[in-house]
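Count residues from 1 along the sequence. Quick note: numbers below take in every heavy atom, side chains included, and nothing from hydrogens, waters or symmetry partners.
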Amino acid sequence: QILLVGDGKAAYETYDKLLQCASSHPTKAITDFTNKSVLREADVIIDVRFDEAPFHYEQYTEMPHNKILLLGCLKRQLAALESWEPQIKCIVGGFNNFPTFINRSLWEVTYLHEHHRPILSDTLTQMGIEHRFVADRIGMVTPRIVAMIINEAALTLQEKTANIAD
């Protein structure tokens with residue numbers, strides 16, 4: 001079972017993506033935990049709130065090591081979890097949860113520990129989500145490239161090297 005945690009645009013897009021790709025896997029969506037039994041029932045937990053509310057990570061510290069946790073982490077590095085106490089023991093991955101990037105055919109995914117990579121890859125493949133692993137960096141890859149292009153366009157407008165029509 002796949003458990004989706006969160007609300008807002010990223011949660012809706014992720015839910016749609018799961019319905020498209022992981023139709024053979026039961027998916028449950030919640031906005032917050034009312035009790036921890038929902039964690040025990042899920043095989044894969046996708047939390048789109050991590051960027052905005054990292055303090056929720058504590059609810060995952062008691063998860064067994066074989067559970068898979070995917071965190072929406074475009075604005076944070078997973079490596080930061082290493083310094084937080086208590087530690088998360090389960091298999092942790094991160095994905096680009098920026099709206100409009102979720103419904104793309106290819107997900108950008110990162111991982112906390114190298115030995116998690118093949119497990120995350122197998123799980124995402126079983127879920128029907130095509131993915132590529134990227135370095136654990138704030139912004140991942142595609143949003144950083146888009147930001148550079150926008151910055152260059154703004155600079156050319158400021159310098160009057162080009163106009164809006166260009």
- [ ] Is it possible for you to say whether Leu70 and Phe133 belong to one hydrophobic cluster, with membership spreading through side-chain heavy-atom contacts below 4.5 Å?
- [x]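 Same cluster.
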TODO: Following the transitive rule for hydrophobic clusters with a side-chain heavy-atom cut-off under 4.5 Å over Ile, Leu, Val, Met, Phe, Trp and Tyr, establish whether Ile2 and Ile119 coincide in one cluster.
DONE: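 Result: yes, single cluster for both.
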Test item: [X] side-chain N/O and [Y] main-chain N/O as donor-acceptor pair under 3.5 Å:
X      : Y      : value
Trp107 : Ile102 : yes
Thr125 : Ser121 : yes
Asn96  : Glu108 : no
Lys89  : Thr61  : yes
Lys17  : Arg104 : yes

Just verifying a value: how many Å separate [X] [atom1] and [Y] [atom2], rounded to the nearest 0.5 Å?
X      : Y      : atom1 : atom2 : answer
Thr161 : Leu155 : OG1   : CG    : 7.0 Å
Met127 : Asp122 : CE    : CG    : 12.5 Å
Leu78  : Leu112 : CG    : CG    : 6.0 Å
Leu157 : Lys160 : CG    : NZ    : 9.0 Å
Leu3   : Leu18  : CG    : CG    : 10.5 Å
Lys67  : Ile45  : NZ    : CD1   : 6.0 Å

[atom1] ([X]) with more than 12 external heavy atoms under 6.0 Å:
X      : atom1 : value
His115 : NE2   : yes
Lys9   : NZ    : no
Glu62  : CD    : no

Can you name the closest pair of heavy atoms from [X] and [Y] and give their distance?
X      : Y      : result
Val92  : His116 : N-ND1, 3.4 Å
Ile129 : Cys21  : CG1-CB, 4.1 Å
Pro64  : Cys90  : O-CB, 3.3 Å
Gly94  : Cys73  : CA-SG, 3.4 Å

Open item on the list: Go through it in stages, so that I can follow the logic: the residues are Ile88 and Met63, the test is side chain to side chain contact (heavy atoms under 4.5 Å, CB included), and I'd like the CA-CA distance, side-chain angles, deciding distance and then a yes or no.
Closed with: CA-CA 7 Å; Ile88 293 178; Met63 287 175 46; over 6 Å; no
Task: Derivation and outcome, side chain to side chain contact (heavy atoms under 4.5 Å, CB included), residues Tyr60 and Asp47 - done: CA-CA 10 Å; Tyr60 302 119; Asp47 190 337; 2.5 Å; yes
- [ ] Would you check if Ile91 and Thr123 make a side-chain contact, meaning some heavy-atom pair closer than 4.5 Å?
- [x]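 They are not in contact (no side-chain heavy atoms under 4.5 Å apart), so the answer is no.
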Open item on the list: What I'd like to find out is whether the side chain of Leu69 reaches to under 4.5 Å of the side chain of Phe50, using heavy atoms alone.
Closed with: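 Side-chain contact under 4.5 Å: no.
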Open item on the list: Assess the residue pair Ile46 and Phe95 against the criterion (side chain to side chain contact (heavy atoms under 4.5 Å, CB included)); give the C-alpha distance rounded to whole Å, side-chain angles, the decisive distance to 0.1 Å, and a yes or no.
Closed with: CA-CA 9 Å; Ile46 301 174; Phe95 72 102; 3.6 Å; yes
Task: side chain to side chain contact (heavy atoms under 4.5 Å, CB included) between Val5 and Arg49, intermediate numbers included - done: CA-CA 7 Å; Val5 183; Arg49 308 169 303 167; 3.4 Å; yes
